[in-house]
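One structure below.
As the structure is a computational prediction, the values presented were derived from the model and not from experiment. Residue numbering restarts at 1 for every chain, and letters A, B, ... go by the order of the sequence lines.
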Number of protein chains: 2
Amino acid sequence: MPVRLKDIADDLGVSVVTVSKVLRNHGDISRETRDRVLKRIKELNYQPNLAARALVTGRTHLIGLVVPDLVHQFFAQVAKGASHVLRKRGYSLIISSSEEDPALENEEISQLLSRRIDALIVASSHSTPAFLQQIEDAQIPYLLLDRKFSGCEACFVGIDDRKAGELATTHLIENGCQRIAYIGGKNVSTAINRLEGFRKAMAAHRLPIHEGQITCRSHFDDAADITGYKAMKTLLRRKPHPDGIFCYNDPVATGVMQAIIEAGLRIPEDIALIGCGNVRYASALRVPLSSVDQDCELMGEQAAAIALDLIAGKVVTPKTVLLEPRLIVRKSSVRPAANSNPVSKPNRAVVSK
Amino acid sequence: MPVRLKDIADDLGVSVVTVSKVLRNHGDISRETRDRVLKRIKELNYQPNLAARALVTGRTHLIGLVVPDLVHQFFAQVAKGASHVLRKRGYSLIISSSEEDPALENEEISQLLSRRIDALIVASSHSTPAFLQQIEDAQIPYLLLDRKFSGCEACFVGIDDRKAGELATTHLIENGCQRIAYIGGKNVSTAINRLEGFRKAMAAHRLPIHEGQITCRSHFDDAADITGYKAMKTLLRRKPHPDGIFCYNDPVATGVMQAIIEAGLRIPEDIALIGCGNVRYASALRVPLSSVDQDCELMGEQAAAIALDLIAGKVVTPKTVLLEPRLIVRKSSVRPAANSNPVSKPNRAVVSK
DNA sequence: AAACCCTACTTAAACGTTAAAGTAGCCTAA
DNA sequence: TTAGGCTACTTTAACGTTTAAGTAGGGTTT
């Protein structure tokens, strides 16, 4: 029922190809014909059938984005950044949320591959890179976002998680915390590497890490805030309880905050708290939450740019883009007693490979 | 490069159509052939080319969802709900964010129509329904979500905004507020109808509404929280300042909260506050925020279900689904002084921490 | 034994577009 | 004058799939 090239061609007594050429600004057309065609196209409000175009060109101008949880503001912002870049280049983003479920993620990826997307950006909920095989098999260019896999060759855009962990932990230490706990996720690189940064900072200040001070939970079935809440409840049973908490993301920190307050303890006086990700509402929380900013929109933009390069067949170097994390100090981590010296570095994208 | 039906057919010495029939569980195939085909399909990990299929069937199994702002948790949750329903039925959701920009929204819709999506779900940032014409012209079934247009025939899924406004405002009144202000958006039905509910509740209690007590701002260029912050700054210059604020959504309320606290006033003692939408983090805010729950995931699910019905050509009745708003009482609106008896109309208020 | 009906296929055509190759008609050069 | 080269088209084929129509070969009915 929609208008086709053929309709326009018949109306004007030219061939379909002529109309198609006008549409694609092919040189091979006289001024006069071009104008007549354009006029008719506008009159009928012709919209090319992208499915047909995709079939013959092999290009869908669709780019897939798979995230673990779209409701987490972080990924929504990444999507926004990516979408912004792609839109300008005539590409659409097709977003899938895996709900942190690897099996569902596989299904979604399979769907996207079936649609012959031109490239795929994945923030995976898998703990091993085996699933990447299906993307390789389909020969569709892809890159990893936020979460990577050790020993995996694929392109990657994310932040320097180790440095983020170090930054946050050092900040807590500088604010006088001694018994710092880490609450993270399971089997994802962000959690693992932030933990590594945590360990490094603790070691650098010769602070011991006791058994049980490190919590790693997958939040497969719980929302992250509930995960944080439960983890903190457990930590509070330890005597003495921790005096500082570093959470690997802000939703977890939100739950932690809730648990601390419920226990009748004060933030930051009794327990200092810092998250990671710097969600928009961090400053509006019960206690304004210190965090490590990741510039998520920029992350999305960079990922999109690399996806486009991959499609264009450009050799992408470096293959890894690590954004520089930035410490954002708010009330939740600033202890009156301590002399704080919040280190804020300029937010340059640091490129490594 | 991907495997095609032809590859499988050639391998087995059957025709392409035979393979296609197996794929679609057509009856016309012997047990033996079916098994051979299925085996080969699995071996080669055949993925049908959906673009080709779409071209011939006219069905893309794609459903478009246009939202004003994906970073707003409300719409992310709606998307999640819709996606959940559609996935089960073999449809994919393709999400566009218009960033509250009508012009951009038109572009995105046009893109989606060009992709021959099977149906479109729109939460529009337009203030008039004129843009719907392009969807009508393309003859693609669609429905409105969250925001509707008066006098518009289209299907709609949303909440009863008038009731939401009434519920929230009555609650503030019952908590002893007298000078209640409304902070809303411009030209969108949610804002307009919640305002209407506000007026109705005020009138029912014979409370006057003074000039300037009603703020309607579009947040075209600001994020909603900044809009709320600015609006509240202005309201605070009035003497006497309002003693209750109803915000048409939670991000706005978040900004309002910030402004009130900065001014050195207490919530709820000096100013009671209630939002709408009940975002996940509402209970974790500086002052736990009362809100009106909209059950956004359900909204997404219902919208998806209607979209599927429209595609199936079913007569959709009723054409309008209004979800019942539910008052969620938290600290921000409960004044110790007042004898609060938040009995709200058909459904009871839920008191949550 | 002719007519018919099944079953299990195959063949032909179509979907709307683009890519590649072909061509008519005119102009220019040697 | 003839070849060659432009310009502005057209024709043909293809992309991977589905739909509709056709058919070979066997069995059953009458």
Between [atom2] on [N] and [atom1] on [X], what's the gap in Å once rounded to a whole number?
X       : N      : atom1 : atom2 : value
B:Leu50 : D:dT17 : CG    : P     : 9 Å
B:Asn25 : D:dT19 : CG    : P     : 13 Å
B:Leu23 : D:dG16 : CG    : P     : 15 Å
B:Leu55 : D:dT18 : CG    : C1'   : 10 Å
A:Arg36 : D:dA8  : CZ    : P     : 14 Å
A:His26 : C:dA19 : NE2   : C1'   : 9 Å
A:Arg31 : D:dC9  : CZ    : P     : 13 Å

Given [N], is OP1 or OP2 found less than 4.0 Å from the side-chain N or O atoms of [X]?
X       : N      : value
A:Ser20 : C:dG16 : no
B:Arg24 : D:dT19 : yes
A:Tyr46 : C:dT17 : yes

Practice task
Could you tell me whether A:Asn49 contacts a base, only the sugar-phosphate backbone, or nothing, with contacts defined as non-hydrogen atoms closer than 4.0 Å?
Solution key: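 Since only primed, P, OP1 and OP2 atoms lie under 4.0 Å of A:Asn49, the category is sugar-phosphate.
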Problem - Under 3.5 Å donor-acceptor pair, B:Lys21 side-chain atoms to C:dT10 base atoms - result: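 Answer is yes: a donor-acceptor pair is held.
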Problem - Pairwise 5' ranking along DNA chain C for A:Pro48 and B:Asp28, keeping only the more 5' one - result: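 Checking each residue's closest nucleotide, the 5'-ward one belongs to B:Asp28.
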Exercise for the section: Please tell me which of B:Ile29 and A:Ala51 maps to the more 5' nucleotide of DNA chain C, matching each residue to the nucleotide holding its nearest heavy atom. Expected result: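 The residue whose closest nucleotide sits nearer the 5' end is B:Ile29.
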Handout entry: Any residue meeting side-chain contact (heavy atoms from CB on, under 4.5 Å) with B:Gln134, in chain and number order, not counting sequence neighbours
Key =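 B:Gln134: side-chain contact (heavy atoms from CB on, under 4.5 Å) contacts with B:Asn106, B:Ile109, B:Ser110, B:Leu113.
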Exercise for the section: Look at the side chain of A:Arg53 and decide which nucleotide, out of D:dT17, D:dT19, C:dT17, has an atom nearest to it. Expected result: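 For A:Arg53, the side-chain atoms sit closest to C:dT17.
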Problem - Per A:Ala52 side chain, nearest of listed nucleotides C:dC15, C:dT17, C:dT18 - result: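 Selected nucleotide: C:dT17.
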Practice task
Please work out which residues in residues 5-18 of chain A have a non-hydrogen atom less than 4.0 Å from an atom of DNA chain C and list them by number.
Solution key: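 Contacting residues: A:Leu5, A:Val16, A:Val17.
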Handout entry: Beyond-backbone contact of B:Val78 with B:Asp146, side-chain heavy atoms, under 4.5 angstrom
Key =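 Side chain of B:Val78 against side chain of B:Asp146, heavy atoms only: no contact under 4.5 Å found.
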Practice task
Indicate yes or no: at least one non-hydrogen side-chain atom of B:Ser124 is less than 4.5 angstrom from one of B:Glu105.
Solution key: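 SC-SC contact between B:Ser124 and B:Glu105 confirmed.
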Problem - Sidechain N-carboxylate O distance under 4.0 Å for A:Arg31, A:Asp35 - result: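 Yes, charged N to carboxylate O under 4.0 Å.
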Problem - Ion pair A:Glu32/A:Arg36, N-O distance below 4.0 Å - result: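 Salt bridge: no.
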Handout entry: Ring geometry between A:Phe131 and A:His126 (parallel below 30°, tilted from 30 to 60°, perpendicular above 60°)
Key =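 Geometry flag for A:Phe131 against A:His126: parallel rings.
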Handout entry: Whether B:Phe74 and B:His72 hold their rings parallel, tilted or perpendicular, with breakpoints at 30° and 60°
Key =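 Judged by the thresholds at 30° and 60°, the geometry between B:Phe74 and B:His72 is tilted.
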